[in-house]
K.L.:
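Submitted below is the structure of interest, expressed as structure tokens.
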Amino acid sequence: MAHYLLWMIQIALVPVVAPLGIGIINKLKARMQGRQGASILQSYRNLRKLLHKDEVIAKDASWIFRVAPFIVFGVTVLVGASIPLFSSMLHLPTSDLLMVVYVLAIGVFFLALAGMDTGSAFGGFGASREVTLGAVAEGVLIFSVLPLVILGGTTNLVVLATGVTSGYVHHLIPILLAAFGFIVALLAEAKRFPFDNPDTHLELTMVHEAMILEYSGKRLALMEWAAANKLFIFSALAVNLFFPFNLISSAGLGQVMIGVVVLLAKMLVVYVGIAVLESLIAKLRYFRLFHLLFVALILSVVAIGLVL
Amino acid sequence: MEILAIIIGFVVTGILSFVLRNRRLTEGLSLAVTAVGLVVSTLVAYRVSTSGTYEPFSFISVDSLGALVMLLVSVVAFFVALYAVPYFRKETDKKIIDDRHVRQYYALSAIFLAFVLSTAAVSNPVAAWIFLEATTLSTVFLISFYRRSSNVEAAWKYLIVNAVGLLLAFFGTLLYFTSVAHGGGVAGLVHWDTLAAHAKQLDPAVVRIAFIFALIGYGTKVGLAPMHTWKPGAYAKSPAPLGALFSGALLPVAFLILLRFKSITDVAVGPAFSQHLLIGFGVLSIVIAAFSIFATEKNKRLLAYSSIEHAGIMALGFGFGGIGVMAAVLHMIYHSLVKPALFFLTGNMLLRYHSTYIADVRGAMSILPSNSVLYFAALFAIVGFPPFGMFLTEFFILSSGVTTYTVVVAVALLAMSVAFIGFFRHANAMLFGEPPRGIEKTKTSPWLLVPSAALLGITLFITFYTPPFVQTLIHEAVGKI
Amino acid sequence: MKENGSNMFDAIASPAGLITLLSVFGLGALGALVVRAFDHVANFWTAAFAILGSLWGMLFAGSIFVTHHEVAMKVATSSFSGFSVAMHVDKLAAFFIFVISLVAFFCSIYGIGYAKEYYKRFSIGALGFFYNMFILGMLLVVTSFNGLWFLLAWEIMSLASYFLVVYDRTDRKNVKAGYVYLIMTHVGALALLLALALLYHYTHSFDFDGIKAHIAAVPHLALAAVFGLSLFGLGIKAGVIPLHIWLPSAHPAAPSHVSALMSGVMIKTGIYMMIRLFLDIMGPAPLWWGIVVLSVGAVSSLVGVLFALTEHDLKRLLAYHSIENIGIILLGLGSALIFSALHRPELVLLALAAALFHTLNHATFKSLLFLSAGSVIQATHTRNIEKYGGLMKLLPATGLFFLVGSMAISALPPFNGFFSEWLTFQALFGGIAHAGGSAQWVFVAAAASLALTGGLALACFVKAIGATFLARPRSSAARHAKESGFSMKTGMAGLAIACLAIGLAAAPVTRLLQTVSREVTGLSGVASTLHVSGSRTLVVGDHGAVVSGPAVALLLLLVVVLVWAGVRYGVYRRQKVMTGPTWDCGTDLNERMEITATGFSQSIIRVFKSFLLPTLHHAVERHEDENPYQIKSRTVSMQIRDMYQASIYRPLYRLIGMMSRSAEWIHHGNLSAYILYIFAAIIIVLAVGA
Amino acid sequence: MTGDTGLIQACIAILCLTTVGLHVARKNRNEAVLYGLQSLAVVSLFVSALLEHYATPLLIVAILTFLVKVVLAPLFFTKLVKRHGLKFAASTYTNVPETAAGLVIILILAGSGIFAPLANLVPGHHTFLVMAIAAMLSSMLLMINRKGALSQIVGVLSLENSIVAFAVLAGLEQSAILQAGIVFDVSVWLVIAVSMVSLVFRHHGSLDTSKMKSLRH
């Protein structure tokens with residue numbers, strides 16, 4: 001199939017499928033709580049509704065508040081396009097581990113600034129918590145992928161996703177440890193359960209929701225969407241880096257279809273895992289999160305030790 | 001011939017200014033005689049640099065180091081006289097002293113300079129000792145100049161400690177004559193060189209004891225460590241011009257005599273003995289002075305401790321030998337030029353703030369702006385910041401001893417940095433901050449600033465370009481030490 | 001280069017070029033003193049000469065790179081044989097000249113507007129004199145080739161910057177800052193002096209090439225001593241962690257365009273000399289040197305950013321960030337030293353290029369941040385972040401430039417900060433993969449500290465921007481802030497564009513720095529792991545970790561614009577956008593409800609509380625008349641116990657004080673004791689000596 | 001310096017006895033008298049050395065020294081004591097037994113190896129030279145021990161006497177002019193010291209140097 005079609009799929013895959021993931025998680029949680037729960041397409045309907053509503057912007061907010069949603073969403077789309085999803089042929093100059101981390105950091109940067117821009121107490125505290133968690137989580141993220149970087153010899157994600165298979169077998173334990181570290185970082189970055197409860201607006205605990213409290217209309221839609229994208233990106237990375245068996249190398253239609261299906265299947269496992277996790281455990285106290293993150297960091301360092 | 005003339009000139013000025021009633025005449029006389037003295041010593045220095053040791057009479061002999069010291073003394077004397085005139089006029093206007101005091105100062109300081117020059121010029125060690133003793137006597141009354149109980153106490157201590165020190169030096173000097181005396185009186189005047197020539201026949205044990213006595217004796221005059229106790233009191237209580245004379249003129253001369261004895265001892269017992277002694281005393285002086293600088297409360301005592309520290313650095317330089325000797329000679333020149341400048345600037349502060357306590361002097365930057373700028377420059381010169389030569393000399397002194405005496409150099413370096421911290425702390429306290437009430441900014445007369453500016457200018461000039469005849473003098477002197 | 005073009009560059013890259021560069025600044029300094037009576041003329045004279053000089057500096061450095069000349073000059077002085085005015089400009093020195101001139105150029109433009117604040121309060125002539133002497137001192141330091149001449153230039157630079165720190169002497173804190181600063185720099189210079197003395201003793205020469213030639217003669221112990229001493233001395237100037245206490249108080253005390261120069265460039269002269277000494281002169285360094293420098297770098301970066309988080313004085317916050325970035329540069333330099341000890345030349349080139357690139361980047365974005373902080377402070381007349389707020393609407397240009405600077409310093413991609421940090425990361429990962437034994441774990445620790453520092457730096461600058469520029473002004477001063485003048489805005493704009501431009505041109509700049517590091521380490525023939533393919537992408541390692549400046553910027557811009565256009569016009573074009581008050585659960589919102597800088601960093605400080613030891617102070621003000629339980633106002637302030645100050649410097653100062661009191665006690669005035677001293681001296685010396 | 005040993009022995013004995021006496025003396029007047037006695041001993045020592053090779057200038061110097069040290073000095077001291085009524089010398093830091101112990105240590109020290117090279121400069125006079133050195137050290141001890149300003153002056157002068165005695169015994173005399181210079185120097189020193197003492201008395205009310213604390217604060 002033409003190269004461009006491949007690229008079209010690569011770019012579109014993340015924004016299109018991400019809300020579905022959120023829908024699945026909410027559905028599963030509802031079912032576990034014995035509720036019927038909204039349909040898995042509910043998040044698409046939310047986005048459509050928000051995109052067609054009028055908007056109210058705080059009078060104290062500066063231009064950063066207005067521009068932030070576009071940057072945050074744009075960043076997730078760019079990262080979505082540059083990470084290895086289903087084919088190992090497609091890589092951009094930005095598909096490097098550190099580049100991905102720091103481009104996402106732009107998103108965090110503007111999200112936090114937008115949170116503080118409205119001058120309400122919630123936004124400020126949300127930003128402070130977000131940025132503190134982000135600082136430590138970023139370290140954990142880099143360190144959890146480091147064993148693979150050492151094995152693969154480079155920080156290029158596409159090469160990592162394909163190259164690691166060879167050394168995979170006799171490095172199983174360090175990779176599993178690193179995977180655990182990465183999962184913790186995923187939950188921290190995507191603000192899922194032990195770190196932040198996405199469904200509640202309780203001032204004491206909310207982190208992500210606090211920052212987008214003042215948004216409405218199209219900008220709120222973009223922010224919600226960006227959050228969904230981010231979760232999708234991290235789970236895709238988790239899946240492709242640590243269980244890298246589905247990356248296709250040729251551009252045949254069949255091959256592509258198989259690749260995408262296998263990817264979505266593996267992603268489903270991750271989403272189900274998150275939903276089950278969110279139903280089982282309660283949210284940790286804010287300052288206990290850092291113990292969890294440091295444990296993840298230690299595990300990654302142990303993994304590095306084993307790999308060296 | 002000119003040396004004798006200038007020494008007699010100073011003596012005559014001394015007597016005249018004691019007798020004459022007219023104040024303006026005594027000032028003019030002192031300026032004239034110091035100016036002539038400067039010209040004469042430059043001529044003598046030039047002659048010594050061209051034609052070797054200059055011996056017009058049997059009892060006068062000026063070698064290269066002597067000529068260098070005499071030139072230094074006369075430069076310092078000229079600028080002190082230049083500063084003394086406006087300083088004492090200001091003091092008389094403020095009714096601190098009356099005319100009788102000023103005349104006493106001009107008389108005794110002229111006599112003091114006469115004796116200092118003759119110590120450097122005279123050929124016989126015992127005669128040199130006599131004139132050095134005379135310098136002490138001539139300045140006792142100058143220290144008790146302001147006639148307050150603390151001045152008298154300082155003068156008394158100065159007299160007794162120096163008397164003891166110089167008597168020990170006398171004993172040391174006599175012991176050197178065992179090589180020449182061998183029974184019966186000695187006909188003519190024994191010359192430094194004859195002592196050096198006969199040094200070989202001296203019994204080494206006697207020479208060691210003699211040098212120890214000489215070092216401790218003349219060390220009292222120089223102000224090396226355990227014998228320096230008279231300096232803080234004397235410098236703090238004497239008028240600023242006298243303090244400048246002490247540190248600028250007396251210190252090099254005392255060091256000159258000490259170095260002559262060192263060269264004789266080196267011939268007799270080899271250099272190691274005297275070097276170790278000089279290093280020991282040098283480090284002790286640097287350490288004691290450095291920490292005293294940090295803790296002192298009076299700005300003139302600060303300068304006294306700084307002189308002791310620099311005496312220690314010079315002793316260290318001579319002790320380390322090699323390039324260190326030349327650096328020590330240069331260090332002596334720079335110190336004798338910069339320290340008087342510091343004394344003049346501190347004197348100006350005293351005039352304005354009427355107190356020698358560092359705590360009382362605040363905000364000098366806004367009260368005496370040009371004086372403070374010069375004070376900053378002098379501070380950076382004395383502490384060894386680069387544009388001035390002390391930085392180079394201190395560097396070479398330390399580098400000459402760095403491998404053989406590493407611990408000594410490390411201790412000296414630490415002490416010198418403590419001295420810098422102390423000196424800079426006091427300067428900071430004095431120059432910045434709010435001036436105390438009641439003291440407002442008035443124009444200081446330029447004549448109070450010209451001498452120190454000129455001295456700092458000369459130091460800067462000779463750091464980069466030393467006139468050729470001075471350079472030959474230094475190389476010859478280094479050869480002899 | 002074209003034929004006629006090259007001889008023009010040959011003419012510039014010559015001793016004459018160097019002399020004109022130095023004399024322009026010298027003239028600017030002396031001229032400023034001459035015209036010090038008229039503030040306007042002095043200000044213009046200083047700025048004109050500084051700008052002219054820095055332009056010529058950039059041209060001179062550029063021509064050195066183009067013509068590959070090495071300008072050398074030597075003038076012997078009369079007083080001492082070893083001391084000669086020797087200047088030598090190779091590519092490393094040219095690079096530093098370029099960095100100095102670039103920052104000086106924009107700071108001088110900024111200075112025209114900024115100095116107006118000091119008219120009639122202090123003498124502008126003095127400011128101009130010390131400003132030009134300061135830049136001259138830095139240029140002399142990086143071009144000097146004789147040990148003594150280097151020390152001379154080093155102290156001129158310190159002295160000039162001291163007088164600039166205490167320029168605003170009415171404020172007692174500035175005087176104290178200056179006092180601590182000059183003492184530490186002088187102690188550092190004494191350490192350097194001792195190191196050079198040791199080198200002189202074994203190699204009998206002060207010229208760097210002379211030392212380099214006879215370096216084999218220096219025994220290992222002496223070499224280790226020289227390394228320790230010079231790391232101590234240069235570490236003080238660079239502001240590495242245990243020796244940093246002067247930096248957070250001295251840099252903010254100076255006028256802003258001077259603190260930009262100090263933070264951006266002066267601390268780099270320490271780095272320059274470290275590279276010159278450890279890599280160039282003192283030959284193959286043993287392994288433990290690299291490990292020491294790397295661990296110092298790691299500690300400095302992490303502790304620097306932690307202290308920055310606790311600050312609520314804008315300029316002190318930026319000063320602590322200088323310590324952090326110096327730490328990052330030392331990470332690069334440390335790994336270069338380790339690789340040269342492990343004989344892996346291709347990694348040495350990568351690590352050194354990373355260090356040099358971060359030096360350039362830090363110079364640009366740190367000076368941009370200081371300049372914009374300066375205009376914020378000039379507009380609000382206070383340095384306390386808690387008093388700012390909502391300045392983005394009042395100072396839009398300064399806000400934008402501060403934002404650009406913060407994004408660059410937090411290593412966010414389109415700007416230059418990211419690429420040097422990326423290279424440093426690659427060097428560290430290379431170290432983890434290839435270094436053996438204990439060095440590996442040092443690299444792991446360094447990588448951990450760099451990762452954590454990156455995140456914390458982002459947190460700190462979100463705090464700085466949020467508390468300063470966003471939401472509502474929290475004090476009347478902030479409410480009446482006015483945008484700074486044209487010259488100040490051009491100065492900042494230039495630096496912002498430079499940050500972006502260097503980000504885009506990351507590949508060619510890195511190739512240039514590769515040639516510099518090849519020349520310094522003498523590894524000209526070796527292929528480096530870092531190679532630049534085409535003019536856009538940086539490729540590291542055989543498997544090709546690829547990153548490209550222009551591509552990232554283009555993609556980001558494209559995506560954001562597409563999303564904006566799509567959402568704005570693609571969907572529900574008739575959307576109405578209204579502005580209303582921020583919702584705060586029904587209560588009337590006042591500016592005190594915004595989060596303050598202390599509140600913002602509260603959670604981070606609690607996480608690292610075992611290190612920062614925070615103490616909270618509650619000041620409660622009650623109404624005098626009615627019942628005491630009616631609280632009028634409660635202010636919570638937080639103090640951080642500066643561990644280094646409390647555990648190293650204050651006890652040291654007390655010790656010196658105690659020892660000096662005992663030394664002063666010797667002069668207690670009792671005459672008999674004085675004579676006893678002399679008597680004891682005689683007896684002891686006789687017993688020992690004879 | 002052969003001279004007849006008997007006279008030398010007598011003079012040296014007087015020298016040491018007077019120094020010890022100075023340590024014990026209570027009244028200022030006694031110190032003046034003892035100092036006169038000591039100077040007499042030294043002058044006679046000098047004269048006895050003169051007998052071998054007679055030279056008129058040396059004789060004049062001897063007379064001069066006699067005049068200054070034996071006549072003038074005690075005169076000045078007694079006049080000073082009368083004018084200011086300074087009957088008693090200020091107390092000492094150490095009581096009598098401790099001073100005695102100090103003197104014994106001094107004697108041992110003088111005879112010990114440290115000063116051995118000095119002692120056998122002239123083999124014949126070994127004991128005499130040791131005694132002279134002991135006198136020197138004990139006069140320094142006097143100055144350390146005594147608080148009174150007057151006794152410090154006497155300490156200095158007795159130190160000078162013992163040095164001259166040592167020089168004469170070791171055959172190190174200088175030429176006449178230098179001798180004259182030294183005597184003139186000592187006399188000027190004496191005059192200045194006495195006037196300083198009266199100045200100290202006027203300003204500090206007493207001669208006790210340990211009371212002088214104005215310099216400290």
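Just so it is clear: chains get the letters A, B, ... in the order the sequence lines come, proteins before strands, and each one is counted from 1. Because the structure is a prediction, the values reported are computed rather than measured.
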K.L.:
Where does B:Val269 contact chain C at under 4.5 Å (heavy atoms): side chain, backbone, both or neither?
P.N.:
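Nothing of B:Val269, per the 4.5 Å heavy-atom cut-off to chain C.
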K.L.:
Heavy-atom distances under 4.5 Å only: say whether B:Leu431 touches chain C with side chain, backbone, both or neither.
P.N.:
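Neither the backbone nor the side chain of B:Leu431 comes within 4.5 Å of chain C.
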K.L.:
Measure the spacing between CD1 of B:Ile323 and OH of C:Tyr200 and express it to the nearest 0.5 Å.
P.N.:
5.0 Å
K.L.:
Going from CG on C:Leu152 to CG on B:Leu392, what distance comes out if it is rounded to the nearest 0.5 angstrom?
P.N.:
7.0 Å
K.L.:
Report which part of B:Ile288 has an atom under 4.5 Å of a heavy atom belonging to chain C: side chain, backbone, both, or neither.
P.N.:
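Its backbone and side chain both get close to chain C.
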K.L.:
Based on non-hydrogen pairs under 4.5 Å, which of B:Glu434, B:His276, B:Arg425 is most in contact with chain C?
P.N.:
B:Arg425
K.L.:
What closest approach, in Å, do B:Pro232 and C:His667 show between heavy atoms, and which atom pair accounts for it?
P.N.:
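Minimum heavy-atom contact is CG-ND1, 4.0 Å.
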K.L.:
Measuring heavy-atom distances to chain B, does C:Leu193 have an atom under 4.5 Å in its side chain, in its backbone, in both, or in neither?
P.N.:
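When you check distances to chain B, atoms from both the backbone and side chain of C:Leu193 fall under 4.5 Å.
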K.L.:
Would you say B:Trp230 and C:Tyr674 make side-chain contact, with heavy atoms under 4.5 Å?
P.N.:
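Result no, sub-4.5 Å side-chain heavy-atom pair not found.
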K.L.:
Under 4.5 Å heavy-atom distance to chain C, tell me which part of B:Leu413 shows up: side chain, backbone, both or neither.
P.N.:
both
K.L.:
Rounded to the nearest 0.5 Å, how far apart are CZ of B:Phe395 and CG of C:Leu190?
P.N.:
11.5 Å
K.L.:
To the nearest 0.5 Å, what is the distance between CD1 (B:Ile216) and CD1 (C:Ile683)?
P.N.:
9.0 Å
K.L.:
Are any non-hydrogen side-chain atoms of C:Leu182 and B:Phe420 less than 4.5 angstrom apart?
P.N.:
yes
K.L.:
Which pair of heavy atoms, one from C:Val187 and one from B:Ser417, lies closest together, and at what distance?
P.N.:
CG2-CB, 4.2 Å
K.L.:
Is there any residue in residues 153-163 of chain C with a non-hydrogen atom under 4.5 Å from a non-hydrogen atom of chain B, and which ones are they?
P.N.:
C:Glu155, C:Leu159, C:Tyr162, C:Phe163
K.L.:
At their closest point, which heavy atom of B:Met227 faces which heavy atom of C:Ile678, and how far apart are they?
P.N.:
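Where B:Met227 meets C:Ile678 most closely, the heavy atoms are CG-CG1, 4.0 Å.
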K.L.:
Answer whether the closest heavy-atom distance between the side chains of B:Met416 and C:His186 falls below 4.5 Å.
P.N.:
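A side-chain contact under 4.5 Å is absent here.
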K.L.:
Measuring heavy-atom distances to chain C, does B:Glu394 have an atom under 4.5 Å in its side chain, in its backbone, in both, or in neither?
P.N.:
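Contact with chain C involves no heavy atom of B:Glu394 at all.
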K.L.:
Do C:Ile666 and B:Phe291 come within less than 4.5 Å of each other through their side chains, counting heavy atoms only?
P.N.:
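Side chain of C:Ile666 against side chain of B:Phe291, heavy atoms only: no contact under 4.5 Å found.
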K.L.:
What residue in B:Trp156, B:Phe211, B:Phe432 has the most heavy-atom pairs under 4.5 Å with chain C?
P.N.:
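Top option by heavy-atom pairs under 4.5 Å: B:Phe432.
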K.L.:
Just checking heavy atoms, which of residues 652-662 of chain C are less than 4.5 Å from chain B?
P.N.:
C:Tyr653, C:Ile656, C:Gly657, C:Met659, C:Ser660, C:Arg661
K.L.:
Identify which part of B:Phe376 has an atom lying under 4.5 Å from any heavy atom of chain C, answering side chain, backbone, both or neither.
P.N.:
side chain
K.L.:
Chain B: which of C:Tyr202, C:Tyr677, C:Tyr179 shares the most heavy-atom pairs with it under 4.5 Å?
P.N.:
C:Tyr179
K.L.:
From C:Ile183 CD1 over to B:Phe424 CZ, what is the distance, rounded to the nearest 0.5 angstrom?
P.N.:
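C:Ile183 CD1 to B:Phe424 CZ: 6.5 Å, rounded to 0.5 Å.
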K.L.:
A side-chain contact here means heavy atoms from C-beta on lying under 4.5 Å apart; do C:Val685 and B:Phe281 qualify?
P.N.:
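Yes, at least one pair of side-chain atoms sits under 4.5 Å.
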K.L.:
Check C:Ala197 against B:Val402 and note the closest heavy-atom contact, atom names and distance.
P.N.:
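It is O-CG1, 4.0 Å.
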K.L.:
Please test C:Leu148 against B:Phe396 for side-chain contact (heavy atoms from CB on, under 4.5 Å), starting from the C-alpha separation and ending with a verdict.
P.N.:
CA-CA 10 Å; C:Leu148 275 175; B:Phe396 276 102; 3.6 Å; yes
K.L.:
Residues of residues 168-178 of chain C under 4.5 Å from chain B (heavy atom pairs)?
P.N.:
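Hits under 4.5 Å: C:Arg169, C:Thr170, C:Val175, C:Gly178.
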K.L.:
So for B:Leu168, is it side chain, backbone, both, or neither that comes closer than 4.5 Å to the heavy atoms of chain C?
P.N.:
side chain
K.L.:
Is it the case that atom CZ in C:Arg36 sees more than 12 heavy atoms from other parts of the structure closer than 6.0 Å?
P.N.:
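No - once you tally the heavy atoms of other residues, nucleotides and ligands closer than 6.0 Å, there are 12 at most.
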K.L.:
So C:Leu671 and B:Val161, do their side chains get closer than 4.5 Å, heavy atoms only?
P.N.:
yes
K.L.:
Taking only residues at least two apart or on different chains, which pairs with a member in residues 396-415 of chain B satisfy side chain to side chain donor-acceptor pair (under 3.5 Å)?
P.N.:
B:Thr403-C:His201
